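For reference, the structure is listed below as structure tokens.
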Amino acid sequence: MIKGLAITPPVLGRISIGRVVEKNGIRLPQKDNQFTITSQIQEKDGWVLHPMDEELRKDAPNGKLRTIPVRMLFNEADLNLRAEYTMFDRKSGRPICVGNGDTCRRLTQSGVQSLPCPGPTLCEFGKGGLCKPYGRLNVKVGDDDDLGTFIFRTTSYNSIRTLAARLSYYQAVSGGLLAYMPLELKLRGKSTTQSRRTPIYYVDLVIKEGVSLQEAVAEAQEKARQMKEEGVDQAALDGAAAKGFGNALFEYDEDEVTQVIEEFYPPVTKDSVLESSSVVSNLRNDLNASRSASV
């Protein structure tokens, strides 16, 4: 194994809430009120949609993809979701400081050093929004590839906090059989004082619709038993993943460093502010339409 290279789960595509668009020569993230599943291929107009996007959207209310049936690749919650405070180099897109609120690994002129990590709000090195929480969730969508995953990246505290809680809870209640639980990603909305009471959207992880928690655990137990009888060693897979993640000081993909900067560190423009207001307006219209339809 090549030292210094993080061995991460194979990625078949990306799950995002929005996309990057070009306006006046500047590439900016465009927020949305639904999921988009893209392939690994990017053209001048953006990422090419994955066939799973069209397949799942057929049955989605109003064509809005707001739930995605998924399974986890690993039984260990922290292997499915990795999240740290991260500061990226704005030019190269590579991480230069990664911490957990206690300690951090920081790239300095004398090499990588282990230093105290007070978090983004108290850190002089990462102040001004340079350091953000950065989460990567790998999930299985569909049955075409046993070990292939789709990745959801986020800097949202709400998404990271919610996903981390759900994963650890489902791991606990299933007796460590998280990889066999029937789950789905769900887009949720909330408003806060900080958001000036306008809706903000985050990603949640729930039991698949129509299945109770008890039924999900029973299904996981049966699925785990079958896989073990067929010779699949899930514990060894988790061990291999942990070793692969730990093979490098920082987890990043050379092919995607530029997209990280585009999505999470965009230039602030008047158009981007107006765009956010437009998304909020569309979300409100969708909510009102749903309420009217349910009356």
Side-chain angles (χ1 to χ4, degrees), residues 1-11 13-31 38 40-42 44 46-47 78 81-138 151-161 163-164 244-269 271-273 275-276:
M1 187 182 297
I2 301 175
K3 294 298 180 182
L5 176 66
I7 308 302
T8 58
V11 173
R14 304 158 67 249
I15 297 174
S16 61
I17 310 172
R19 57 199 177 97
V20 175
V21 297
E22 186 170 329
K23 287 191 175 182
N24 301 322
I26 301 175
R27 292 177 62 81
L28 297 167
Q30 184 180 64
K31 296 181 180 179
T38 63
Q40 293 280 74
I41 300 173
Q42 187 179 31
K44 64 178 182 178
W47 293 94
D78 290 344
L81 174 68
R82 287 90 56 215
E84 309 94 4
Y85 294 124
T86 305
M87 179 175 171
F88 291 93
D89 183 296
R90 294 297 185 95
K91 294 181 179 180
S92 69
R94 295 181 178 86
I96 56 177
C97 187
V98 176
N100 59 11
D102 182 23
T103 61
C104 70
R105 298 184 303 277
R106 185 178 303 169
L107 185 60
T108 68
Q109 291 182 343
S110 54
V112 177
Q113 295 184 353
S114 181
L115 300 167
C117 174
T121 58
L122 299 176
C123 180
E124 285 296 317
F125 185 68
K127 67 181 181 180
L130 297 177
C131 179
K132 296 184 179 183
Y134 178 44
R136 289 87 63 209
L137 175 71
N138 288 84
I151 189 166
F152 170 68
R153 298 184 180 87
T154 182
T155 58
S156 163
Y157 278 101
N158 289 298
S159 291
I160 292 173
R161 183 186 297 114
L163 291 171
F245 286 129
N247 195 53
L249 291 171
F250 303 119
E251 177 191 334
Y252 71 97
D253 189 327
E254 285 284 354
D255 294 332
E256 297 174 350
V257 290
T258 55
Q259 285 98 46
V260 169
I261 298 300
E262 286 181 346
E263 292 180 21
F264 301 140
Y265 297 90
V268 178
T269 66
D271 285 345
S272 64
V273 174
E275 202 164 80
S276 295

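Just so we're clear, the structure is a prediction, and the values are computed from it rather than from any experiment. In this chain, numbering begins with 1 at the start of the sequence shown. Heavy atoms only: backbone and side chains are in, while hydrogens, waters and symmetry mates are out.
Here the closest non-hydrogen pair linking Tyr85 and Cys117 is CD1-SG, 4.2 Å. Minimum heavy-atom separation, Val112 to Arg105: CG1-CB, 4.1 Å. Across all non-hydrogen atoms, the minimal contact from Trp47 to Gln40 is CZ3-O, 3.4 Å.
One finds the OG1 atom of Thr155 at 7.0 Å from the CD1 atom of Ile160 (value rounded to the nearest 0.5 Å). Rounded to the nearest 0.5 Å, atoms CZ (Arg136) and OG1 (Thr8) are 9.5 Å apart. Within the model, atoms CD1 of Ile151 and OG1 of Thr38 stand 11.0 Å from one another, a figure rounded to the nearest 0.5 Å. A distance of 6.5 Å separates OG1 in Thr154 from CD1 in Ile17, rounded to the nearest 0.5 Å. A distance of 9.5 Å separates CG of Leu130 from SG of Cys123, quoted to the nearest 0.5 Å. Between the OG1 atom in Thr121 and the NZ atom in Lys127 there is a gap of 13.0 Å [rounded to 0.5 Å].
With a 4.5 Å cut-off on side-chain heavy atoms, Arg94 and Phe250 do not count as touching. With a 4.5 Å cut-off on side-chain heavy atoms, Leu115 and Phe125 do not count as touching. Residues Lys3 and Asn247 meet the side-chain proximity criterion, which asks for heavy atoms closer than 4.5 Å.
With Met87 as reference, Cys97 is the one residue of Cys104, Cys97, Pro95, Pro120 to meet the side chain to side chain contact (heavy atoms under 4.5 Å, CB included) rule.
Judged by distance alone, with hydrogens and angles left aside, the side-chain atoms of Asn100 form no donor-acceptor pair with the main-chain N or O of Glu84 at under 3.5 Å.
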